[in-house]
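Report on the following structure.
These numbers come from the heavy atoms of this one structure, side chains and all, not from hydrogens, waters or symmetry mates. Predicted, not measured: the structure shown is a model, and the values here were computed from it.
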Amino acid sequence: MKTFLRILITAIAIMALPGTAQSQLRYGIRLGGVFAKPSPGNAGDLSVADGSGFSGGLAFEYQAPKSGLAADMAVLYTRFNTRFESTLAEKTDPGSNFIEVPIHVKYKFWLPAFHNLFGPMVYTGPSLMTRVGSHSSATFLPHPEDAPSSSTPAAISTVSTKTFQPGWDVGIGIDIVNFLQINAGYRFGLGNAFDSASGATMRTNGWTVSATLLFDF
């Protein structure tokens, strides 16, 4: 959590540097869909039942003068409908509701014939998700080879999901007339999202598609 706060404060400070022209610093609204692709490893018979979801919130962008280089930050409410299926129980919820703060560096390739009208772009940067709401867990039956011996049944295990689940985003997009941005990208989960002594692992990977409307301050 301390790392999360340091990155957030640093990003805000950069965007608020003195001398920034108003025309270069913008705010707006971001809405999109998310398609989770969590990858449970060493988690026995768990399988993903549903990975769809949505996100929405405020976005801020700083555009460097006379350059395609830009940086943005958003504060989003993100909801996943992800459920795990298991032979032991009904579908379980590994955590649905998050506050997500993506911080991206991007480059816009303004086309000479359409300068400031149309520009493809690429972006990358950390995505910091903090789970909100009730404690979440998943129950599963480990693989038979994980049992102490062939005659001993594998034990039932329950794992909880971590509150803080960082990731890294990469993606592409289009900036249209410095007003509308359409992005599509992939989030790579960093570290284990399960808090478990059983060796079960999960990475919160997923696809995102979003639209951002930006306005001058």
Exercise. Determine yes or no for a side-chain-to-main-chain donor-acceptor pair under 3.5 angstrom, with Asn205 supplying the side chain and Gly189 the backbone.
Key: yes

Self-check item: Arg203: salt bridge (Lys or Arg N to Asp or Glu O under 4.0 Å) partners, not counting sequence neighbours
Solution: none

Quiz prompt | Connected via hydrophobic side-chain network under 4.5 Å: Met121 and Val177 | solution = no

Self-check item: Asn183 vs His104 side-chain heavy atoms within contact, under 4.5 Å
Solution: no

Practice problem: For Ile174, enumerate each residue passing the side-chain contact (heavy atoms from CB on, under 4.5 Å) test, keeping only those at least two apart in sequence or located in another chain. | Solution: Phe118, Ile176

Exercise. Considering non-hydrogen atoms only, spot the tightest contact between Ala211 and Ile182 and give its length.
Key: CB-CD1, 3.7 Å

Self-check item: Val34 versus Thr208, closest heavy-atom pair with distance
Solution: CG1-CG2, 4.0 Å

Quiz item: Can you name the residues that form a side-chain contact (heavy atoms from CB on, under 4.5 Å) with Ala74, not counting sequence neighbours?
Solution: Arg30, Ala59, Leu76, Pro102

Quiz item: Mind checking whether Leu213 and Leu180 have side chains closer than 4.5 Å, heavy atoms only?
Solution: yes

Practice problem: Over all heavy atoms of both residues, which pair between Thr204 and Ala193 is shortest? Give the atoms and the distance, please. | Solution: CG2-CB, 3.9 Å

Quiz item: Residues two or more places apart in sequence or in another chain: which of them pass ring-ring contact (aromatic ring centres under 6.0 Å, His included) with Phe35?
Solution: none

Practice problem: Any salt bridge (Lys or Arg N to Asp or Glu O under 4.0 Å) involving residues 177-190? Give me the pairs, sequence neighbours left out, ordered by first then second residue. | Solution: none

Quiz prompt | Rounded distance [0.5 Å steps], CG in Leu128 versus CE in Met73 | solution = 10.5 Å

Quiz item: Using links of under 4.5 Å between side-chain heavy atoms of ILVMFWY residues, direct or through other members, which residues join Tyr107 in one cluster?
Solution: Leu69, Val105, Phe109, Val122, Ile172

Practice problem: Go through the structure and list residues passing side chain to side chain donor-acceptor pair (under 3.5 Å) with Asn192, not counting sequence neighbours. | Solution: none

Practice problem: Could you tell me which residues satisfy side chain to side chain donor-acceptor pair (under 3.5 Å) with Thr78, sequence neighbours excluded, listed by chain and number? | Solution: Glu100

Exercise. Would you give the length of the straight line joining atom OG1 of Thr212 to atom CD1 of Ile29, rounded to the nearest 0.5 angstrom?
Key: 10.0 Å

Practice problem: Check whether any side-chain heavy atom of Thr161 sits under 4.5 Å from a side-chain heavy atom of Phe194, and report yes or no. | Solution: yes

Quiz item: If two hydrophobic side chains count as joined below 4.5 Å and joins carry through other members, does Ile103 share a cluster with Phe188?
Solution: no

Quiz item: With Ser55, which residues qualify under side chain to side chain donor-acceptor pair (under 3.5 Å), at least two apart?
Solution: none

Quiz item: Any link between Ile99 and Leu31 through a network of hydrophobic side chains (Ile, Leu, Val, Met, Phe, Trp, Tyr) touching at under 4.5 Å?
Solution: no

Self-check item: Partners meeting side chain to side chain donor-acceptor pair (under 3.5 Å) with Tyr186 (sequence neighbours left out)
Solution: none

Quiz item: Who are the ring-ring contact (aromatic ring centres under 6.0 Å, His included) partners of Trp168, not counting sequence neighbours?
Solution: none

Practice problem: Could you tell me the separation between the OG1 atom of Thr130 and the CD atom of Gln165, rounded to the nearest 0.5 Å? | Solution: 9.0 Å

Self-check item: Gap separating the NZ atom of Lys108 from the CG atom of Asp175, nearest 0.5 angstrom
Solution: 4.0 Å

Practice problem: Give the intermediate values and the outcome of side chain to side chain contact (heavy atoms under 4.5 Å, CB included) for residues Tyr27 and Leu58. | Solution: CA-CA 7 Å; Tyr27 72 96; Leu58 295 176; 5.9 Å; no

Quiz item: Looking at Phe80 versus Phe54, is the centre-to-centre ring distance below 6.0 Å?
Solution: no

Quiz item: Is Phe179 linked to Phe60 within one hydrophobic cluster, defined over Ile, Leu, Val, Met, Phe, Trp and Tyr using a side-chain heavy-atom separation of less than 4.5 Å?
Solution: yes

Self-check item: Residues in salt bridge (Lys or Arg N to Asp or Glu O under 4.0 Å) contact with Lys162, at least two apart in sequence or another chain
Solution: none

